[in-house]
Amino acid sequence: MLEGKAVVGETDMLQTMQEDALDLAAKALDFYDVTDATDIARFIKQEFDRMHGPGWQCVVGRDFGSFVTHCFGCFIYFQVASLSILLFRGSASFPEPEKNQCGALESIGSLDTVKA
């Protein structure tokens, strides 16, 4: 496992959901070679769908850009090993900022992120 080696760039997720994302990324890297970005993304997406409900999207790679609309409280971008991972639940509309569309019961306070 690569525990403690992930660096979170941006997120609005609750801490427990962030930990799920980082744990799943570490498991994926145990199961798949770092060059199998599609398999890693599929594993993380399917497990997040199972754990937190459907609608999650996952992008894994070394060099990519993105511009996405996501549900409030359902976005994380982090680096682990040599890969960048973007995980989010898509949104077709603009949710109210007070609502956490991921179904979490707690509200999000301040976010501490590390810029990579």
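We're numbering straight along the sequence, starting at 1. As a basis for the values below, the full set of heavy atoms in this structure was taken, side chains included, without hydrogen atoms, waters or symmetry mates. Here the structure is a predicted model, which is why all the values come from computation and not from measurement.
Not counting sequence neighbours, the partners of D49 by the salt bridge (charged side-chain N to carboxylate O under 4.0 Å, His left out) test are K45. Applying the ring-ring contact (aromatic ring centres under 6.0 Å, His included) criterion to F43, with sequence neighbours excluded, gives F31.
A donor and an acceptor atom, one from each side chain of S84 and R62, are nowhere located under 3.5 Å apart.
Judged purely by atom type and a 3.5 angstrom limit, D12 uses its side chain to pair as donor or acceptor with the backbone of F75. Using a distance-only test at 3.5 Å, with no hydrogens or angles considered, no donor-acceptor pair links the side chain of R42 to the main chain of A37. In terms of modelled atom types and a separation under 3.5 Å, the side chain of R89 and the main chain of G73 share no donor-acceptor contact.
With C74 as reference, W56 is the one residue of F48, F88, W56 to meet the side-chain contact (heavy atoms from CB on, under 4.5 Å) rule.
The CG atom of D20 sits 10.5 Å away from the CD atom of Q15 when rounded to the nearest 0.5 Å.
With a 4.5 Å cut-off on side-chain heavy atoms, Q57 and L87 do not count as touching.
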Verdict with supporting geometry, V80 and L29, side-chain contact (heavy atoms from CB on, under 4.5 Å)
CA-CA 9 Å; V80 63; L29 288 169; 3.8 Å; yes
Derivation and outcome, side-chain contact (heavy atoms from CB on, under 4.5 Å), residues M51 and L24:
CA-CA 11 Å; M51 295 168 71; L24 286 174; 3.8 Å; yes
Could you go through the side-chain contact (heavy atoms from CB on, under 4.5 Å) check for Y77 and T11 one step at a time?
CA-CA 6 Å; Y77 173 77; T11 188; over 6 Å; no
Quick one: do I76 and I85 satisfy side-chain contact (heavy atoms from CB on, under 4.5 Å)? Show the steps, please.
CA-CA 8 Å; I76 189 168; I85 299 174; over 6 Å; no
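Across A28 and I40, no two heavy atoms sit closer than the pair CB-CG2, 3.9 Å. Taking every heavy atom of both residues into account, M13 and Q18 meet most closely at O-NE2, 2.8 Å. Of all non-hydrogen atoms in I44 and A25, the two that sit nearest each other are CD1-CA, 3.9 Å.
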